[in-house]
Each structure stands twice: as structure tokens, then as C-alpha cells.
Protein chains: 2
Amino acid sequence: MDAQRIKVACSSCNLRELCLPMGLSAEEMGQLDTLISSRKRVKRGEALFSVGDRFTSLYAVRSGFFKTCVTTADGRDQVTGFQMAGEIIGLDGIVSDHHACDAVALEDAEVCVMPFNQVEELSRQFTPLQHHVHRIMSREIVRDHSVMLLLGSMRAEERLAAFLLNLVQRLQARGFSPSEFNLRMTREEIGSYLGMKLETVSRTFSKFVDDGIIDVKQRYVHIKDTEALRRIVNPQTCS
Amino acid sequence: MDAQRIKVACSSCNLRELCLPMGLSAEEMGQLDTLISSRKRVKRGEALFSVGDRFTSLYAVRSGFFKTCVTTADGRDQVTGFQMAGEIIGLDGIVSDHHACDAVALEDAEVCVMPFNQVEELSRQFTPLQHHVHRIMSREIVRDHSVMLLLGSMRAEERLAAFLLNLVQRLQARGFSPSEFNLRMTREEIGSYLGMKLETVSRTFSKFVDDGIIDVKQRYVHIKDTEALRRIVNPQTCS
DNA sequence: CGCGATGTTGAACATCTTCAAACGGTGTGG
DNA sequence: CCACACCGTTTGAAGATGTTCAACATCGCG
């Protein structure tokens, strides 16, 4: 609602190595600078978009943290992902011109607005961008498949271990510590994402603490033994 | 391996209303005829591609039935989807130039091979195709999210009911009966897709039979009460 | 400081899985 | 053509896992 007409350029963004322009050369990146017309701030708890909203743009997270979730007719909902800086939100809306999920900020956030018709237009003129857009969508598909694997064939401890490893790996790619961080989501949201109840999430955290694998204090998590988490996710493979 | 140099044209394909050219005009469709260079036959049980194979092409199912699945390091696997005539396989390979899942034919099948660099080239020249490719990828993402919802927050009966309704809806779109069909996959494959053990799948089928909702004889399924299935998926909403 | 939201823990319970046995259809070889 | 073996399926009973309900603790915010 409060889209801002700020001079914004991918080529000078400190997220450029993680975000849409990832892998593009400096000159190629310059081509993208026309794409981001505005930024938008989203307060904690507010929706960037909701189910049924008309789809117009993709969004790149500049700062803050989002969840996306879908809802059943009878009110149960499922968190389908958590998005942090440099990640793209909104791909669900392309197929029907309307969003198929809610995107909610878990903390005050800012996104770059990329009008999708401009993305498509620029993609036609600019081959590297075209391929990039395809890769981003494909990456989301591959990610979704690995979540299905998690939901379909892992038990609670494996799910939480996989979740923590994934989170820490993404945080590390953004220059944060590979061993400690603060969760931005509640136990309930973690549970929704992992297909378990909040109590089970809490119990599993406690078990990891008892086993000396992590320290937890509310949202703060310190991973003391990353290898142990890896062994939990891959029972056989890791020695 | 046995790609065939057959004269093939989307514009004269009887699947054109379901497949890639869906929604394009007759002239627009003509543009696509250069895209399909060959077809490929895949025998029951054979892989169209496997994890790690170099990605070159997307595939449109012309006949037959496929499953796609991912595998954990320790050998557990998860069926991520079942694909029937008109559906597109291979989008997982774009992101890394290598396939991230296996695609296996559940019955003798034939696919149209669409070299992806040609898809991209044609997409740049031909706006409706570009948008279409985006829509197909977005549709897969939305589908994956609904599977996550199923895996994350439904119980066994709801999962199987949702599965049957989805299957019958897609079969109906292809001109088959909305009430009876033959499953192409085993109980184990259904279970893998739905995140339950084959015994649970079997028991749940038996329960539906006891409740008079369906008839089952091995792979044959007759849906006697579609509304009852809908009520199972949406406990509250349906009266 | 107090309230509401979030997180933890225990005990009873529901659901699904595991293990085991038996059945049924299909295909092969004698 | 039949016997047999094999794969897939069904069903039962015991057990594991996660859920539900409830009580309590803790944190953050006004």
C-alpha cells in the first residue's frame, strides 16, 4: 500500500549475490536496474499478499523474514516456507493471476517489488535473466519436493534436525554464524511447516538439548554439534 | 535412447487442450510445432530420467503414466507426483542442469521431447509461450504446496480421499469416467506419495468400501459417493 | 507490574506403523 | 495345462510415535 518511489538498483544492492541477479556479470546486472520500480515495507504480522489477491508482482526480500502458508476450507493451515533476505516470494500467483497463498512478515520487513509483466518483458530481451527466472522457479520446485520428502517419510527428530540444518545453512550464506541464531517463528509455525504439533516441536527441542546437541532458550538456538544433527537426518549414511 | 524422428505437431495433437499449447489460438499453436523435435517411448518400469542425469529437455506425457520420486541418502524414497497425458515432466532439472528426481513409467508410455534451450529461445520470440511456461512452473509450485498441506495436516482418510478426488478430476478432464478407473500405481507408491505405509493405504481403502463410498477390486476403483469423499476432505465445510 | 502470548512438560489417548500370516492374481516352466 | 513361485494386497495384533488436553512457566509489552 505504501510503495515507495525510491531509487533502487540491483547493481548496488548488497544482496545481489543471493538474490535475482545472482551469477550475472556487472553489466548484465545493470540491465536489471530498471526492473525494481519500488520497495515496500511490511510490518510484523502484516500480509504482503493474501490468498485471492490479484497477482501483479514478484517480491525479493530485502530485509526481514516471511512465512507463506496455505489454508484448508476448514481452517487448518500449512506453512509452505520461510523466506529470508534475497529470496523471492510470489511465484504461486503466476498460474491463475491470483495468489494461492498468504505471505506474512514475521518481523518488520522490506521487499523489492518486481512487476511481473516487466520481468517477462525484460526476460525476452535479456537471455540471462530469462534463464535466471526459470532457475528460480525450478529451485522452488526442487525445494518443495524435498519438503515433501521431509513430511512424507521423516520422523519428528529428523524433521526438526533437517529444518535447523537448512536454516543455518541459509543464514551462513548470508554471513551469519553457522552455529547460533534467533528463530523468527513460533513453535506453532515451525510445527505447521514440519507437519507436527507445537508440543512435539517443543519436546523435540528439549530432547536435542538433553542430548547435548543444541542449547535453546526460547527463540535463541545454539547448535553445539552440527554433525549430530546430520546423523539424525541421515541415520545410515553418516558414520 | 530411441528418440524417434517422427513428424509431430502440437497443432494436430489431440492433447493440445491439456498440454503445453493449452489456451493458445490455432495460429499461435503453429509456432510450437517446431518445438517438439522427437518423441520417446518408455517401457513400464523404465526411467525417463534419473537423479543426476544431465538436464536437456522437458517432456510432455503423450500416453502412459509416470511417477516422479526423490530419495534420501539412506534409501527411503518419496513419490512427489504422478503424471498423466498432457502433463509436463522435468522442471526439476532446470535449476542445476541436472535432474533432481527420478521419472519412472508406471506403464508403457510415450513422451514428446522438448529441448529446453529451444523452449527458452521460442519463449523469447513468442510471448504467449513465455507466459505459458511460467504458468506451468507456477502451477507445479501451487500443486506442491497443496501436497504439503495434505502431508502436513491431513489424516489418512483425508489424504486418500483427496488423492482419489484429484485423480478422478484429472481423468475426467481427459474424457474418462468420473466414477471409475484403474489405478496405475501400487499401494506402496500411493503410500509413498501420501506419506503413509502401504498397509494403511490398504486399510483405508477397505474402510471406504465398508462405508459404501467406493468399490475396490485390486487396482480397479469405482467411486459410488463422490460427495462422501468431499466431506471426508473438508470435514467442516460440507454439510 | 500484570496481562496475554508463547513455550514447556506430563499423562492419557488416538493414530499409524510394524511384524506376521494368509490370500489372490499373473506369469513361467515343466 | 497345471503347478508353482512371486509380487502385490489384505487383515490382525502388538507396539511406537505423535496428539490432545491440561497445568504451569516464562517472556515481552503496555
Side-chain angles (χ1 to χ4, degrees), chain A residues 43-45 65 67 75-79 104 106-108 150-164 182-211 214-222 232 235, chain B residues 43-45 65 67 75-79 104 106-108 150-164 182-211 214-222 232 235:
Chain A
K43 283 218 171 62
R44 174 183 165 158
F65 208 91
K67 68 171 177 181
R76 285 175 294 183
D77 71 318
Q78 171 74 25
V79 172
V104 177
L106 297 182
E107 58 184 8
D108 290 0
L150 180 150
L151 290 171
S153 60
M154 290 185 176
R155 16 240 259 40
E157 292 182 29
E158 298 172 310
R159 293 183 196 194
L160 189 63
F163 171 72
L164 291 174
N182 280 288
L183 296 167
R184 305 303 155 87
M185 66 293 275
T186 65
R187 300 288 187 264
E188 184 165 23
E189 286 160 339
I190 296 172
S192 173
Y193 182 60
L194 299 179
M196 42 206 256
K197 296 291 149 181
L198 69 93
E199 293 95 331
T200 309
V201 174
S202 181
R203 273 182 243 278
T204 309
F205 268 123
S206 299
K207 172 151 195 320
F208 287 173
V209 172
D210 290 348
D211 294 350
I214 62 176
D215 284 337
V216 177
K217 190 161 194 179
Q218 302 289 120
R219 303 275 177 107
Y220 168 81
V221 176
H222 175 201
I232 289 170
Chain B
K43 284 216 169 62
R44 174 184 166 159
F65 208 91
K67 68 170 177 183
R76 286 175 293 183
D77 71 315
Q78 172 73 26
V79 172
V104 176
L106 297 181
E107 58 184 7
D108 290 358
L150 180 150
L151 290 171
S153 60
M154 290 186 176
R155 10 241 260 44
E157 290 181 31
E158 297 172 310
R159 294 182 194 194
L160 189 62
F163 171 72
L164 291 173
N182 279 289
L183 297 166
R184 305 302 154 87
M185 66 294 275
T186 65
R187 300 288 187 265
E188 185 166 22
E189 286 161 338
I190 296 172
S192 174
Y193 182 61
L194 298 180
M196 41 206 258
K197 297 291 150 183
L198 69 92
E199 294 95 329
T200 310
V201 175
S202 182
R203 272 182 244 276
T204 310
F205 268 124
S206 298
K207 171 149 195 323
F208 287 173
V209 172
D210 290 348
D211 293 351
I214 61 176
D215 285 336
V216 177
K217 191 162 195 178
Q218 302 287 120
R219 303 276 178 103
Y220 168 84
V221 176
H222 176 199
I232 289 170

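What you see is a predicted model; the values in this text were computed from it and never measured. Letters go in sequence order (proteins before strands), and every chain restarts at 1.
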> Taking protein heavy atoms under 4.0 Å as touching, what does nucleotides 20-25 of chain D look like 5' to 3' if B marks base contact, S marks sugar-phosphate-only contact and - marks none?
Replying inline: BB----
> Roughly, in whole Å, what's the span from CE in B:M196 to P in C:dT17?
Replying inline: 7 Å
> What is the distance from NZ of B:K217 to C1' of C:dG25, rounded to the nearest Å?
Replying inline: 10 Å
> Residues in side chain to side chain contact (heavy atoms under 4.5 Å, CB included) with B:T200, at least two apart?
Replying inline: B:A156, B:M196, B:K197, B:T204
> Is a donor on one side and an acceptor on the other found under 3.5 Å between the side chain of A:S206 and the backbone of A:S202?
Replying inline: yes
>> Rounded to whole Å, please give me the gap between CG in A:L183 and C1' in C:dG7.
In response: 12 Å
> Whole Å only: how far is the CZ atom of A:R155 from the P atom of D:dA16?
Replying inline: 11 Å
> For A:D108, what residues pass the side chain to side chain donor-acceptor pair (under 3.5 Å) criterion, not counting sequence neighbours?
Replying inline: none
>> Distance check, rounded to the nearest 0.5 Å: B:L106 atom CG versus B:E189 atom CD?
In response: 5.0 Å
> Rounded to whole angstroms, how far apart are CG on B:D210 and P on D:dT10?
Replying inline: 12 Å
> Are A:N182 and A:V221 close enough, and set up right, to give a side chain to side chain contact (heavy atoms under 4.5 Å, CB included), and what steps lead you there?
Replying inline: CA-CA 6 Å; A:N182 280 288; A:V221 176; over 6 Å; no
>> Rounding to an integer number of Å, can you tell me how far B:N182 CG sits from C:dT26 P?
In response: 11 Å
> Just how far, in rounded Å, is P of D:dG28 from OH of A:Y220?
Replying inline: 15 Å
Polar atom pairs (N or O), protein with nucleotides 5-8 of chain D, under 3.5 Å:
none

>> Nearest whole Å is fine: how far is C:dA5 P from A:L106 CG?
In response: 17 Å
> Would you find more than 12 non-hydrogen atoms of other residues, nucleotides or ligands less than 6.0 Å from B:E188 atom CD?
Replying inline: no
> Does the A:R159 side chain pair with the main chain of A:G195, one donor and one acceptor, at a distance under 3.5 Å?
Replying inline: yes
> Are A:R44 and A:E107 ion-paired here, with the side-chain N under 4.0 Å from a carboxylate O?
Replying inline: no
> Does CZ in A:R219 sit with more than 12 non-hydrogen atoms of other residues, nucleotides or ligands closer than 6.0 Å?
Replying inline: yes
>> Holding to side chain to side chain contact (heavy atoms under 4.5 Å, CB included), I want the full list of residues that pass it with B:E158, two or more places apart in sequence or in another chain.
In response: A:R76, B:M154, B:R155, B:I232, B:P235
> How large an angle, rounded to 10°, do the end axes of the helix from C:dC1-D:dG30 to C:dG30-D:dC1 enclose when each is built from five base pairs?
Replying inline: 40°
> Counting N and O atoms only, with roles assigned by atom type, does the side chain of B:S192 sit under 3.5 Å from a partner on the main chain of B:D77, one being a donor and the other an acceptor?
Replying inline: yes
